[in-house]
There are 2 protein chains.
Amino acid sequence: MANLKDIGLAAGLNILGAVLFLVAFAFLRLQPINDRVYFPKWYLKGARESPSHGGAFVRKFVNLDMRSYLKFLSWMPAALKMPEDELISHAGLDSAVYLRIYLVGLKIFSPIAILAFAVLVPVNWTNDTLKFSTLQHSNIDKLSISNIPVGSKRFIAHLTMAYVFTFWTCYVLLREYEIVAQMRLRFLASEKRRPDQFTVLVRNIPPDPDESIGELVEHFFLVNHPDHYLTHQVVYNANKLSKLVEEKTKMQNWLDYYQLKFERNASKRPTTKTGFLGCFGAKVDAIDYYKSEIERIENEEAEEREKIIKDSKSVVPAAFVSFRTRWGAAVCAQTQQTSNPTVWLTEWAPEPRDVYWDNLSIPFVSLTVRRLIVAVAFFFLNFFYVIPIAFVQSLANLEGIEKAVPFLKPLIEIPTIKSFIQGFLPGIALKIFLILLPSILMFMSKVEGLTSISSLERRAASKYYIFIFFNVFLASIITGSALEQLKTYIHQSANEIPRTVGEAIPMKATFFITYVMVDGWAGVAGEILRLKPLVIFHLKNFFLVKTEKDREEAMDPGSIGFDSSEPQIQLYFLLGLVYAAVTPFLLPFILVFFGFSYIIYRHQIINVYNQEYESAAAFWPSVHGRIITALIISQLLLLGLLSTKGAGQSTPVLLVLPVVTFYFHRYCKNRYEPTFVKCPLQEAMKKDTLERAREPGFDLKGYLMNAYVHPVFKGDDDDEKFSIADEPEAEQVLVATKRQSRRNTPVPSKYNGSDSPSLPEIVNDQRL
Amino acid sequence: MANLKDIGLAAGLNILGAVLFLVAFAFLRLQPINDRVYFPKWYLKGARESPSHGGAFVRKFVNLDMRSYLKFLSWMPAALKMPEDELISHAGLDSAVYLRIYLVGLKIFSPIAILAFAVLVPVNWTNDTLKFSTLQHSNIDKLSISNIPVGSKRFIAHLTMAYVFTFWTCYVLLREYEIVAQMRLRFLASEKRRPDQFTVLVRNIPPDPDESIGELVEHFFLVNHPDHYLTHQVVYNANKLSKLVEEKTKMQNWLDYYQLKFERNASKRPTTKTGFLGCFGAKVDAIDYYKSEIERIENEEAEEREKIIKDSKSVVPAAFVSFRTRWGAAVCAQTQQTSNPTVWLTEWAPEPRDVYWDNLSIPFVSLTVRRLIVAVAFFFLNFFYVIPIAFVQSLANLEGIEKAVPFLKPLIEIPTIKSFIQGFLPGIALKIFLILLPSILMFMSKVEGLTSISSLERRAASKYYIFIFFNVFLASIITGSALEQLKTYIHQSANEIPRTVGEAIPMKATFFITYVMVDGWAGVAGEILRLKPLVIFHLKNFFLVKTEKDREEAMDPGSIGFDSSEPQIQLYFLLGLVYAAVTPFLLPFILVFFGFSYIIYRHQIINVYNQEYESAAAFWPSVHGRIITALIISQLLLLGLLSTKGAGQSTPVLLVLPVVTFYFHRYCKNRYEPTFVKCPLQEAMKKDTLERAREPGFDLKGYLMNAYVHPVFKGDDDDEKFSIADEPEAEQVLVATKRQSRRNTPVPSKYNGSDSPSLPEIVNDQRL
């Protein structure tokens, strides 16, 4: 087991790693050629342009100003400077509230760490149990509960602290829920007119032999919401069309490329081959070929478009129904329409860009079946994923490779390469699986039939959390795959499981400390470096980018990725809460993680990520719920641990905690969750009244007419990507953004009168 | 262990017992003096009058017509004759659907019993395991799964049957849910105008320093439901007033009694004493005394009434808000009003007579705390109730009694009495507890803060079911108190528990057969005898009844008592499903129970019970859910049993069943439960439109003005009891009822042209 020195060494190494990442980031960030990798958000906002328009040729790619390299951490204060309100208008409420998760971590664990070090560390330290023990132990174990003799009265300190920690965590969670709920309400109230405020998604419209879906919807809502119904938009099944559009775009890009080439070198008309990847087949004139191809696709597309609009079969039994008032929409979204609860299902419509179009037409009965299938599949994925991987591993051995590709045999037989492959191969299948896991979970969630991207991400996140809990947390503690654990759970009694796990917890503290440093410190520092997008951008730039538009597309701002990143933060909450009363020495490492991640993600959110949708922090209830889950798990494990330490009489005292915590959760759920799910009529009425007074003659019908159109029916590609630009409040966002960008992010002009000399000037210098 | 002969003897005895009860019932029922005990429903409906108005004196009390005694089972076809539609209009949908629970039992278990006897009994019978076994066994065990050798291939038959039984049960449940949902919808649609259709119960109205609750409600709804709000009624805290009203009624009765006495014997003015129970204190003139007392109470009452109406503190923060249309009420009931989900809580108002007034003013925060407290209390009640009972038992021994009441000592010391007390006493505390249990559970549910009597009964029923499951079913199988079980559950692993329980199941078959006969056959036959109400009615009649009104009150029709009777039926579902694949021999006994109970309860519902409220079968989702629970329990126990029988490889095959059953339940829940909880807008709109066309000028406001007034504010006592008579549709019910009563229930006139000679004529004969 590692002692303090080892931990110190590991910490040093990891800090070094993190610093190296940060230095590399500072260096790469300042190169104009990487500008689109590290500041894509500003490009998308239109507040920044390619640095290649002027100046010396070299300066376009490399920053030669040496001074700027000295202040390599200057982005940190810059990232912290933007106030929360401006952050909300710059990056949306989702991002701002996402950052609060890290803040919650700091708020929960700072006082807990101080208290634990003030109370528990002395209590643990002043024992001699481990000194006389024959067991291997380290200095860290001397700080932990392991150092207390069996049956000691000192466990009262841990009991008391468990109560204090629970109370404090619940208090922070309650306050934070309150704040986030307020933020959401303020955000929703301050929003300008948006199509989704007036619109309800209606699904499972029952088929009618006499009327088309559109007529049916109109009649139904004219009868049942006579004073409020305004208009509706049917949903087309446009899968084929979107494929055609995609193909046309590709062809258009190739045409642009060859035309550009021809312009540059007018002497030689470019040619291409018609076959696979332009490598085989007859040689033809490239420009003519692509022109004719585009024409062909355009004809097909027009045909398909007509077919979709004419053919009643391409209308899926779902529609976006809009109302005259927000009140009418709020009423329709919250009520049951008919006596059959499987038809005419209404729900608040997601933002247009948040809609997941493919799932709109799933019939009600199949939803239960789909959920059952996904639940079973996820169960097997969680507990049995090691089996197929072991199978793949057994196939992908050296003999297998030699058989499959005999000509590689001489190469593989070289001893160095052989041993490298042998060491590397078994892990690769697992690694690939773990990389693919979030996509697999997302796919499962899609099968379940949710209709908005935001809800899909939330569902995938909860699956990922369960996976991490069993396959990272528990698997590390009781060192067995989830499959082996499953056997244990089945064969052990209900009070034996917390004992087994709880007993092993103190021994794994050093492992988790290392884990926090590797995954939490260096890993997060790696996030800011954006190595993958950096490499991909430059590869694309070098091999594929033909036009400015392509460059725009090669830029991959990414997003927070709630479905995979939030469960990873939750692991730290779990570790912190579990170890708070057991090995307080872990807490400072967790605190560093939360603080460091907070700064880095704040920077990324300001400069890089571009959220695909805005759900107004609809994910907070699940964040809250998972922290509560972690709290209850920590209480049960402490209970198990103490019962093995001869403090069995503490069990009833500790059992109170999970019960009370559970009811605290129920209270919070009743008190705050509706704010994230329902739409209060009072607020709707307020906004309606205000708006009626302000703009009495507004043409709402015209405004809503084309709000919910399948992306392929929107002519321009950009609309699809940044549909926010279509909406009136986008202007306001842009105004705030420009002001912001002058203050603490780089802009092309140096003379912006900013009083913040740090980041902007350093970056601006390079432009001159 | 009992063999077939023993069971036959027990069956004979119990059948004899049941027949004796039925004969006693047939005899007692025909005596005019008992008429109010056995036909109270008809008195309440006004379709029957006291038989004491005419005829010979003796005939008033005793039926001298010998013929009528011969057809002592004639009530059975009569009970079955009333068609379901007429039953609904006679006794309400709740009662009609309650009877369907027994029908569901018959539908589920008839085919299962046939199939089990056709397939499983031969499979079990043709083995010799038990013949060569050293274990004690009976003939019944030869029919059960115990007779199959360990590891036999014959278990495939049981596996297949488990699938068939599950499929059939689910199919019946699905169809029944569909039917009951349709019945509810039809019932609601056919209802005439009722106050609760237009009314929403608003709770947790936030206090306002400037406005009274009434003004606040009016302003809030005028702003947020401007087109729909009509009127509202505040709720007064009238506890003190209702006490005064009660006291006045009592005094009034005494006055009536003495006045009656004085009229009969005018020579002597009656006197009474002013002290305790009229036995102590100064002697005064009774009529004058009670007149003055009534006057005093009337003054107090008027004062209190004024105080309640004037004092703003006596208004609780809850109100019944009525809307212009059913649509408006449906919208308000289903939506969230403000951004704070703990204030202005709206829910569909219960029927006026279903309102549980005491709980209307509970603030939101305390609800969670109350639920926590009740959950903990119920946990202890369920698992630890034996402790206080053992304590009471230890106190209530002979020495204790002798100490407490020394003058009884000589009596107790008589050997016969002593041994009787010693044998009787230990059980009495437990017996009292079990008799009180439904009331205790009801009290717990009241503490939880539900606002309608129907929901209180449903909540109490689910508690009672849990109690029965642990303390009757499991306690009988693994023969230990719930407390001992708790230890087992904690110390055994998750797959060990079904094994332990499953293994013991076949051995307990004979016990449960006896249980079914005693509790299910003789017990149910006892129900029709109404021994307790009979005795109480005659005691009251003899000692207390002074006026006709008192006699009316002495009549106790009772009601179905959903909170205690439904969980008892559920025990039979559980037994039937658990034993279907294990010991099919139990099934016929269960079938007899369901059939017999169906007839008896149908008779009681037609002639006796008077439901306090009408919830339109709102309890069906819990009935369905509990049968599903029983099904899953039976699957798990079969799984446990088979795994001890060396058929461990069947586990995965059987594990599929609970998972599929659970998802079947989820499907049903999504598909049908909203029908029982929500109020579809389409239906509301339909009724509104119809009514507007039919009665365009109806004064709805006047109609709703006093619908939701605390019972004490209604002048007449009868209003409180039968508030249905106030409502317009009551007339319709009454019409149907009268027609009904002529056809197959006793009426005073013989010459009614009925073609049903059985029951009416027999009963009518006695009147002449």
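Reminder, nothing fancy here: chain letters follow the sequence lines and each chain counts from 1.
In terms of heavy-atom pairs under 4.5 Å with chain A, the best-connected choice from B:Gln334, B:Arg184, B:His225 is B:Gln334. By number of non-hydrogen pairs under 4.5 angstrom with chain A, the leading residue of B:Thr368, B:Asn670, B:Thr335 is B:Thr335.
Using a 4.5 Å cut-off between heavy atoms, B:Trp344 does not touch chain A at all. With a 4.5 angstrom heavy-atom cutoff, A:Cys679 touches chain B only via backbone atoms. If you measure heavy-atom distances from B:Leu185 to chain A, the contacts under 4.5 Å come from the side chain alone. For A:Phe220, the part lying under 4.5 angstrom from a heavy atom of chain B is the side chain only.
The nearest pair of heavy atoms linking B:Pro674 to A:Gln336 is CB-OE1, 3.3 Å. Of all non-hydrogen atoms in A:Pro226 and B:Met685, the two that sit nearest each other are CD-CE, 3.3 Å.
A 4.5 Å side-chain heavy-atom check between A:Glu673 and B:Pro341 finds every atom pair outside the cut-off. Looking only at side-chain heavy atoms (C-beta outward), B:Arg671 and A:Asn340 come within less than 4.5 Å of each other. Between A:Thr342 and B:Tyr672, the closest side-chain pair of non-hydrogen atoms is not below 4.5 Å.
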Determine, stepwise, if the pair A:Trp327 / B:Val331 fulfils side chain to side chain contact (heavy atoms under 4.5 Å, CB included). CA-CA 11 Å; A:Trp327 193 91; B:Val331 160; 4.2 Å; yes
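One distance of note links OH of B:Tyr667 with CG of A:Leu367; it measures 10.5 Å at 0.5 Å rounding. Considering OG of A:Ser339 and NZ of B:Lys678, their distance stands at 13.5 Å, rounded to 0.5 Å.
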